[in-house]
Q: 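Sharing a structure below in structure tokens format, with a few things to ask.
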Amino acid sequence: MKKSFLPVAILLSLSAHSVFASGLLFPPGKDTRFTWSSYDSLKSEHLQGQKVSVFGPWLGDEKTRFENVIAYFEKATGADVEYAGSDSFEQQIVIDTQAGSAPNIAIFPQPGLAANLAAKGYLTPFGDDAKKGILNDYAAGQSWVDLATFKGKDAKKHLYGIFYRADLKSLVWYSPDNFSDAGYDIPKTMEELKALTKQIVADGGTPWCIGLGSGAATGWPATDWVEDILLRTQPPSVYDGWVSNKVKFNDPRIVDAIKNFGWFARNNKFVDGGSAAVGSTDFRDSPKGLFTSPPKCYMLKQASFAPAFFPEGTEMGVDADFFYFPAYASKKLGKPVEGGGTLISITKDSVGARDFAKFLRSPIAHEIWMAQGGFLSPDLKANPAVYASDTLRREGKVLLNASVFRFDASDLMPGKIGSGAFWTGMVNYVSGESAKDVANDIQKNWDALKKN
């Protein structure tokens with residue numbers, strides 16, 4: 001039996017559609033921070049009577065914010081855009097594309113599933129204009145093109161997506177008061193970060209808060225460390241080869257990245273609670289040491305969502321702040337950034353679908369969500385002044401300064417590796433196993449997976 005693109009549960013999420021479509025959150029032309037010229041250019045697209053169906057993972061506040069963006073496209077073009085959100089998006093989009101009932105636009109939370117559907121002929125490739133636009137308008141534009149380029153059913157590579165909304169993992173959180181009291185400066189290079197780590201110990205403190213605990217997902221925070229370190233010790237081609245297993249998990253360059261993580265995590269003097277606590281401390285509890293007096297630890301490497309686990313009432317920029325997890329000056333590999341992002345793809349081609357996808361890579365489509373919060377943009381033409389907070393603006397600057405951007409590697413690997421053997425291996429590593437033995441075990445698991 002074929003399933004409709006909009007099952008009952010998802011249809012309910014459309015009930016507010018007529019409400020948000022009736023008005024615009026920020027009146028065009030009023031606030032000069034916005035790039036209204038990119039909104040005005042939409043008016044040449046006459047799409048009256050055309051419907052564009054969009055399906056993605058955003059619910060709640062994210063859905064509302066995206067619908068506020070959609071309203072501008074509708075107002076300018078006359079199109080009718082229906083967005084449906086579902087927490088079962090990744091399962092449902094496969095069913096819908098195979099059943100021939102796909103939406104015009106699908107919003108993928110990571111590119112792996114999009115690549116699978118592209119290979120089966122379920123996605124429509126973008127043209128050269130989209131590719132050129134991304135290369136010119138996005139910081140580290142080639143990285144964003146590469147991440148959305150997959151082999152199609154014809155076995156040829158095409159651009160199948162446009163990234164809209166990004167997040168960061170390459171951040172280190174700290175307390176400005178703690179740094180000020182101790183006389184520490186923000187490290188600008190990895191060499192300086194390692195020197196600061198040693199200095200804190202010499203001063204009688206503990207530099208790092210590290211916790212890998214996460215229930216059934218225990219181990220994942222360590223994968224972010226290894227991925228970020230690999231991007232700082234090897235060129236992006238090695239990272240890409242590792243994701244596909246063309247570069248084996250037990251390759252000396254990968255083993256070295258694991259050991260580099262161990263430099264921080266397996267030294268009893270470097271970690272709150274000692275290295276034995278790393279594997280058992282819940283990642284949500286690991287920030288607590290930043291806020292004790294005296295501090296139990298001075299730095300926490302964690303993604304942009306880290307403040308969700310800070311004590312209630314923590315004021316960003318005052319009680320807590322962040323800096324970019326720095327690159328090695330000696331390696332000369334630029335400023336790599338690890339993170340994630342949502343991918344806009346066409347699953348049912350139409351003029352309206354293509355125009356809507358083009359709209360989502362325009363400055364105004366980024367700025368409207370940037371101003372609402374919960375959105376980071378790599379678009380060089382979007383005005384950072386519209387960000388809802390200074391913290392978001394500074395996180396956005398990290399994205400804009402990136403020379404290379406790469407998606408979380410474990411999310412791109414087969415599930416049994418990236419969300420299985422890799423997690424377990426990192427726990428085993430901080431518990432005392434050698435980096436080489438851990439890497440060999442993970443590679444054995446990957447080899448076995450290929451045989452099945």
Q: Side chains of D228 and S170: donor-acceptor distance under 3.5 Å anywhere?
A: yes
Q: Assert yes or no for the condition that the ring centre distance of Y387 to F375 is strictly below 6.0 Å.
A: no
Q: Taking T35 for its side chain and I364 for its backbone only, find out whether a donor-acceptor pair lies under 3.5 Å.
A: no
Q: Side chains of T233 and R253: any donor to acceptor distance under 3.5 Å?
A: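 No, no side-chain donor-acceptor contact under 3.5 Å.
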Q: Is any side-chain N of the basic residue among D240 and K246 closer than 4.0 Å to the acidic one's carboxylate O?
A: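 Salt bridge between D240 and K246, a charged N being under 4.0 Å from a carboxylate O: no.
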Q: How far apart are the closest heavy atoms of N383 and M370, and which atoms are they?
A: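 Closest pair (atom of N383, atom of M370, distance): O-CE, 3.5 Å.
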Q: Do D224 and Q302 meet the criterion of a side-chain donor-acceptor pair at a distance under 3.5 Å?
A: no
Q: Angle class for the W242/Y239 ring planes (parallel below 30°, perpendicular above 60°, tilted otherwise)?
A: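 Judged by the thresholds at 30° and 60°, the geometry between W242 and Y239 is perpendicular.
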Q: Assert yes or no for the condition that the ring centre distance of H366 to Y164 is strictly below 6.0 Å.
A: yes
Q: For residues 256-265, please give each side-chain donor-acceptor pair under 3.5 Å, one per line with the distance, not counting sequence neighbours.
A:
from: N260; atom 1: OD1; to: K194; atom 2: NZ; distance (Å): 2.9
from: N260; atom 1: OD1; to: Y328; atom 2: OH; distance (Å): 3.4
from: N260; atom 1: ND2; to: Y328; atom 2: OH; distance (Å): 3.1

Q: Between the main-chain N or O of P103 and the side-chain N or O of T347, is there a donor-acceptor pair closer than 3.5 Å?
A: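 Present.
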Q: Is any side-chain N of the basic residue among D321 and R394 closer than 4.0 Å to the acidic one's carboxylate O?
A: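 Salt bridge flag = yes for R394 with D321.
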Q: Tell me if a side-chain donor or acceptor on R165 pairs with a main-chain N or O of G374 at a distance below 3.5 Å.
A: yes
Q: Quick one: list whatever passes ring-ring contact (aromatic ring centres under 6.0 Å, His included) with F310, sequence neighbours left out.
A: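 F310: ring-ring contact (aromatic ring centres under 6.0 Å, His included) contacts with W173, F291.
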Q: Look at the side chain of R232 and the backbone N and O of P326, then say whether any donor-acceptor pair between them is shorter than 3.5 Å.
A: yes
Q: Indicate yes or no: at least one non-hydrogen side-chain atom of T391 is less than 4.5 angstrom from one of F322.
A: yes
Q: Distance alone, cut at 3.5 Å: any donor-acceptor contact between the side chains of N401 and Y324?
A: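 N401 vs Y324: no donor-acceptor pair found between side chains.
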Q: Given 3.5 Å as the limit, does a donor-acceptor pair link the side chain of Y83 with the main chain of W58, or not?
A: yes
Q: Who are the side-chain contact (heavy atoms from CB on, under 4.5 Å) partners of K381, not counting sequence neighbours?
A: D137, P363, D379
Q: Would you tabulate the side-chain donor-acceptor contacts of residues 407-426 under 3.5 Å, counting partners in other chains and residues two or more places apart, or write 'none'?
A:
from: D408; atom 1: OD1; to: S410; atom 2: N; distance (Å): 2.9
from: D408; atom 1: OD1; to: S410; atom 2: OG; distance (Å): 2.5
from: D408; atom 1: OD1; to: D411; atom 2: N; distance (Å): 3.2
from: D408; atom 1: OD2; to: K169; atom 2: NZ; distance (Å): 2.5
from: S410; atom 1: OG; to: E227; atom 2: OE2; distance (Å): 3.4
from: W423; atom 1: NE1; to: G418; atom 2: O; distance (Å): 3.1
from: T424; atom 1: OG1; to: G420; atom 2: O; distance (Å): 3.2

Q: For D282 and R284: C-alpha separation, side-chain torsions, deciding distance, then whether salt bridge (Lys or Arg N to Asp or Glu O under 4.0 Å) applies.
A: CA-CA 5 Å; D282 193 286; R284 288 156 287 215; 2.7 Å; yes
Q: By side-chain contact (heavy atoms from CB on, under 4.5 Å), which residues pair with K444, not counting sequence neighbours?
A: D441
Q: Keeping the roles fixed (side chain from D203, backbone from G205), state whether a donor-acceptor pair exists under 3.5 Å.
A: no
Q: Tell me if a side-chain donor or acceptor on S180 pairs with a main-chain N or O of D177 at a distance below 3.5 Å.
A: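 No, the answer is negative, given that no donor and acceptor are paired below the 3.5 Å cut-off.
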Q: Using a 3.5 Å distance criterion without hydrogens, assess whether the side chain of N268 forms a donor-acceptor pair with backbone atoms of S275.
A: yes
Q: If only atom types and distance count, is the side chain of T281 paired as donor or acceptor with the main-chain N or O of A277 below 3.5 Å?
A: yes
Q: Suppose we screen for side-chain contact (heavy atoms from CB on, under 4.5 Å). Which residues come up paired with T292, at least two apart in sequence or across chains?
A: K296
Q: Nearest heavy-atom pair of F55 and A84: which atoms, and what distance?
A: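 Distance-wise, the nearest heavy atoms are CD1-O, 3.1 Å.
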Q: Going by the ring pair (Phe, Tyr, Trp, His ring centres under 6.0 Å) test, name the single residue among W208, Y184, F323 that passes it with Y174.
A: F323
